[in-house]
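In listed order, ligands and their atoms are each counted from 1. Here, residue 1 is the first one in the sequence, and each next residue gets the next number.
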Amino acid sequence: MKEKLEALKQEALAQLQDVNDPQQLNDLRVKYLGKKGALTEILRGMGALSAEERPVIGQVANDVRGAIEEVISSKQEAFQQQETEERLRAEKVDVTLPGRKLTQGAVHPLSKVIQDIEDIFIGMGYRVAEGPEVETDYFNFEALNLPKNHPARDMQDSFYLTEDLLMRTQTSPVQARTMLSMQGKAPVKIICPGRVFRRDDDDATHSFQFHQIEGLVIGENIRMSDLKGTLLQFVQEMFGDNTQIRLRPSFFPFTEPSAEVDVSCVKCGGSGCRVCKQTGWLEILGCGMVHPKVLEMGGYDSEKYSGFAFGMGVERIAMLKYGVDDIRHFFNNDAAFLNQFTRI
Ligand code: DAH
């Protein structure tokens, strides 16, 4: 039995020497030391031994097991080390290489101006409302006191999709939609930013698409002086504390009286320059007291309630604020232009 054990040891050690992968090593471990392995097989014969022989053979068997285990575990360690080295080599990172540059996006200047204007009005207690860009003839015109064939429709040459649907030419329809949704409740204080569309020239100051911000306030005893004070507050927050406004009489079908608002020139402060064409003033928005007919169509008793409204072009404000000379820059997605606004 002793010889058998010795022979087993020699055989196992010889085979282990040639092992060159972990799978093979494991197979040999099972073959020699496993529950059904060669060593167990030999030790089954222990029962036949005499009481004196048993501890001797037991000792030999333990030595054989120990010797085989030792070789296996040293081989295992070697394989593990080899694997670690290979992994390290494969995952090697050259920390001296220059880093990859992250291209960071920025808020588009028009979005920035819209956000700034929203913030100013939210600070005065307004809520932001929205409406659809594809609008019905009713909301875009009729509910704003512009019946079919009204000559004032000529001011806004439109893209019609069907007889009754068009790309909205102004954000004013959101006034009418908001009034109906409020079901005659007051006060109403909203601004609505959005994209509008007109068949227009394509030049430095005109585009078939642009953005407007509409404002609407309805309540009891709302007066023209409230409108004027609100707009002065707005322009001073937008363009600086020294900015002044003046109101010139004008006409819009949905307001009566109506006015056109100028700000003191953001470039020269009013003394006259190229930007304001030597007048000292720049036109920035239209406004007025909401026409009684518009209030009534919106579900408000015009004897009890009054209101004011205004509408401004976002591109115009952005051009004045940032000194941009062509409206088309905003829509061309030219990175050289947009990159100038990454830190505004
Ligand atoms: N919707 C007008 C336009 O596009 C601008 C405007 C003028 C809006 C007067 C108003 C307003 O709410 O009261 O030309």
Contact set, ligand 1, heavy-atom distance under 4.0 Å, ordered by chain/number, equals Gln156, Gln170, Ser172, Gln175, Arg198, Gln212, Glu214, Phe252, Phe254, Thr255, Gly286, Cys287, Gly288, Ala309, Phe310, Gly311

Can you confirm whether the side chains of [X] and [Y] place a donor and an acceptor under 3.5 Å from each other?
X	Y	answer
Arg65	Asn62	no
Asp326	His329	no
Glu237	Gln233	yes
Asp119	Gln115	no

Between Phe337 and Asn332, is any pair of side-chain heavy atoms under 4.5 Å apart?
no

* Do Lys148 and Asp137 have side chains that get closer than 4.5 Å, going by heavy atoms? ->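 Touching, per the 4.5 Å side-chain cut-off.
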
